[in-house]
Amino acid sequence: MKLTEKLALKALHRVDPEVAHGLSIKALTAGLTPAPGPVTSARLTCEIAGIPLPNPVGLAAGFDKNAEALAPLSQAGFGFIEVGAATPRPQPGNPKPRLFRLTEDRAAINRFGFNNDGMEVIASRLAKRPKQAVIGLNLGANKDSDDRAKDFARVLAHCGAYLDFATVNVSSPNTEKLRDLQGKAALSALLSGVIETRDSLERRVPVFLKIAPDLDRAGIEDIAAVAVETGIDGVIATNTTLSREGLQSAHRDEAGGLSGAPLFEKSTRVLAQLSELLEGKLPLIGVGGIATAEQAYAKICAGASAVQLYTAMVYGGLSLAAEIAQELDHLLARDGFDSVAAAVGTKRGDWL
């Protein structure tokens, strides 16, 4: 990280976290952030659900909720970008304050509640997306919807023409009863509706499912079974957690989803279990607590074909994406792997 980025981070940490986040989006759109371009190599080039990636390090949903900074983010070193979550109608989300830094824990708690500009505005921005980038959209449901399951399909139908992939997000803890849709019957019906909509699009868009880290073994088994039965294209493991175990920060008891360093082991164990159950039938994307190349590599060795970052950038800056991708190349070479795919799942047993 360059000195200018360190100073910028220090300044951002002096203001309210949500204000700081808004300022970071403005800095991106103004061209004031690191832009090394796509980081790639023969080893880093990979694919997820048939989508070719320059490297396996992606940006998780939630950072660019409204698809405002697609062009600069595509030059920030990421292999792929996920924006959103988008809901059919705009909604303000939960009352503020709703984002908290847990600096001592290298973590954050948020209870945003799917605040976003709505699918029509977001689709208009996606229509102007950089064509060379890999961009996906996290699909959400309106809090006051009469049929949340149908909301996911509505957003996909409206935005699908501009996407490389779409993610069904039923794992956010910040919309009341949303996680109830992870139950086997409800999830099967929801995903079937999304897949039916996807199949009606002019161009096939891979559909992923993002799951919570707080599932027990039976819940993970149900997710694996439904994922295969419904014909989705991959699983993202995991979203934020409701656990507060071991936290030190003053904000540790705030309501919402916890992300960052404390999530790493929990999310990686869920990832490994899912990898074991799926036996290579579907690719996995590992998310949760990644702040270093070693942690990204650990997710890959536990079963992930690609990974995503977000909270670590609060503490490590936007340049972290390129740094992790570059160092991951060295780690693969060190261990004799000529590709990301060759390393996937090689140490899964360490997490079971």
Side-chain angles (χ1 to χ4, degrees), residues 60-62 65-67 82-95 98 110-123 126 136-163 165-201 205-215 219-220 222-227 229-242 255-257 259 285 287:
K65 288 178 177 290
N66 293 307
E82 185 176 346
V83 298
T87 55
R89 290 175 283 106
Q91 63 181 21
N94 295 323
R98 53 195 181 181
N110 90 81
R111 51 172 180 262
F112 282 119
F114 284 168
N115 58 310
N116 72 105
D117 292 341
M119 66 183 185
E120 292 186 8
V121 170
I122 291 173
L126 286 166
L137 178 64
N138 194 280
L139 313 176
N142 282 117
K143 184 176 181 177
D144 59 353
S145 174
D146 293 332
D147 191 338
R148 288 180 179 171
K150 287 186 177 179
D151 278 7
F152 297 93
R154 288 181 63 198
V155 177
L156 179 58
H158 195 77
C159 300
Y162 314 117
L163 303 177
F165 66 91
T167 300
V168 175
N169 184 359
V170 293
S171 52
S172 169
N174 300 318
T175 297
E176 187 179 1
K177 296 185 179 181
L178 183 71
R179 285 191 174 188
D180 291 351
L181 294 174
Q182 288 183 126
K184 193 171 184 178
L187 184 61
S188 181
L190 185 157
L191 290 176
S192 295
V194 170
I195 293 298
E196 183 178 349
T197 297
R198 188 274 304 279
D199 291 345
S200 70
L201 299 175
V205 176
V207 171
F208 302 146
L209 170 68
K210 190 168 189 175
I211 66 170
D214 303 317
L215 296 163
I220 297 170
D222 285 347
I223 291 284
V226 171
E229 289 167 5
T230 54
I232 65 169
D233 299 277
V235 181
I236 300 179
T238 66
N239 211 319
T240 57
T241 181
L242 293 172
S259 59
I285 297 176
V287 196

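Only heavy atoms go into these numbers, but all of them, side chains included; no hydrogens, no water, no symmetry mates.
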Enquirer: Using a 4.5 Å cut-off on heavy atoms from C-beta on, say whether the side chain of I220 contacts that of I211.
Expert: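 With C-beta onward as the side chain, the pair stays apart.
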Enquirer: Which heavy-atom pair separates N142 from Q91 by the least distance, and what is that distance?
Expert: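 Smallest interatomic distance, heavy atoms only, reads ND2-OE1, 3.0 Å.
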Enquirer: Does the side chain of T87 come within less than 4.5 Å of K143's, by heavy atoms?
Expert: no
Enquirer: With sequence neighbours excluded, what pairs up with F165 under the ring pair (Phe, Tyr, Trp, His ring centres under 6.0 Å) test?
Expert: F208
Enquirer: Count the heavy atoms of every other residue, nucleotide or ligand shown that sit under 6.0 Å from CG of D144, and state whether that count exceeds 12.
Expert: yes
Enquirer: Between atom CG of L163 and atom CG of L201, what is the distance when rounded to the nearest 0.5 Å?
Expert: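 Between L163 CG and L201 CG, I get 8.5 Å after rounding to 0.5 Å.
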Enquirer: Any side-chain donor paired with an acceptor under 3.5 Å for T167 and E82?
Expert: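 Yes - a donor-acceptor pair under 3.5 Å links their side chains.
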Enquirer: Using a 4.5 Å cut-off on heavy atoms from C-beta on, say whether the side chain of H158 contacts that of V155.
Expert: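 A side-chain contact is absent here, since even the closest heavy-atom pair is not under 4.5 Å.
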Enquirer: For R89 and G118, indicate whether the former's side chain and the latter's backbone hold a donor-acceptor pair under 3.5 Å.
Expert: no
Enquirer: Any donor and acceptor pair, going by atom type alone, linking the side chain of D233 with main-chain N or O of V207 inside 3.5 Å?
Expert: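 It does hold such a pair.
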Enquirer: For I195 versus G231, what's the shortest heavy-atom pair and its separation?
Expert: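 Answer, listing the atom of I195 first, then G231: CD1-O, 4.1 Å.
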Enquirer: Calculate, to the nearest 0.5 Å, the distance between atoms CD1 and CG belonging to I285 and L209 respectively.
Expert: 11.0 Å
Enquirer: Does D151 reach the main-chain N or O of S145 with its side chain, forming a donor-acceptor pair under 3.5 Å?
Expert: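 Looks like no, no N/O pair under 3.5 Å.
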Enquirer: Say you draw a straight line from CZ of R154 to OG1 of T197; how long is it, rounded to the nearest 0.5 Å?
Expert: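 So the gap between those two atoms works out to 11.0 Å.
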Enquirer: For the residue pair T238 and L215, establish whether any side-chain heavy-atom pair is separated by less than 4.5 Å.
Expert: no
Enquirer: Would a distance-only check, ignoring hydrogens and angles, find a side-chain to backbone donor-acceptor pair under 3.5 Å from N116 to F114?
Expert: yes
Enquirer: Just by distance, do the side chain of D117 and the backbone of N66 share a donor-acceptor pair under 3.5 Å?
Expert: no
Enquirer: What distance separates E196 CD from T230 OG1, expressed to the nearest 0.5 Å?
Expert: 13.0 Å
Enquirer: Can you name the nearest heavy-atom pair linking V205 to G160, along with the distance?
Expert: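 In terms of heavy atoms, the two residues are closest at CG2-O, 3.5 Å.
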Enquirer: What residues, two or more places apart in sequence or in another chain, satisfy salt bridge (charged side-chain N to carboxylate O under 4.0 Å, His left out) together with D222?
Expert: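 For D222 there are no salt bridge (charged side-chain N to carboxylate O under 4.0 Å, His left out) partners, ignoring immediate neighbours.
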Enquirer: How about F152 and V170: do any of their side-chain heavy atoms sit closer than 4.5 Å?
Expert: yes
Enquirer: To the nearest 0.5 Å, what is the distance between CD1 on I122 and NZ on K65?
Expert: 9.5 Å
Enquirer: List the atom of A60, the atom of V287, and the distance in Å for their closest heavy-atom pair.
Expert: CB-CG1, 4.3 Å
Enquirer: Between S188 (side chain) and K184 (backbone), is there a donor-acceptor pair under 3.5 Å?
Expert: no
Enquirer: Of all the heavy-atom pairs spanning L126 and C159, show the shortest one and how long it is.
Expert: CD1-CB, 4.3 Å
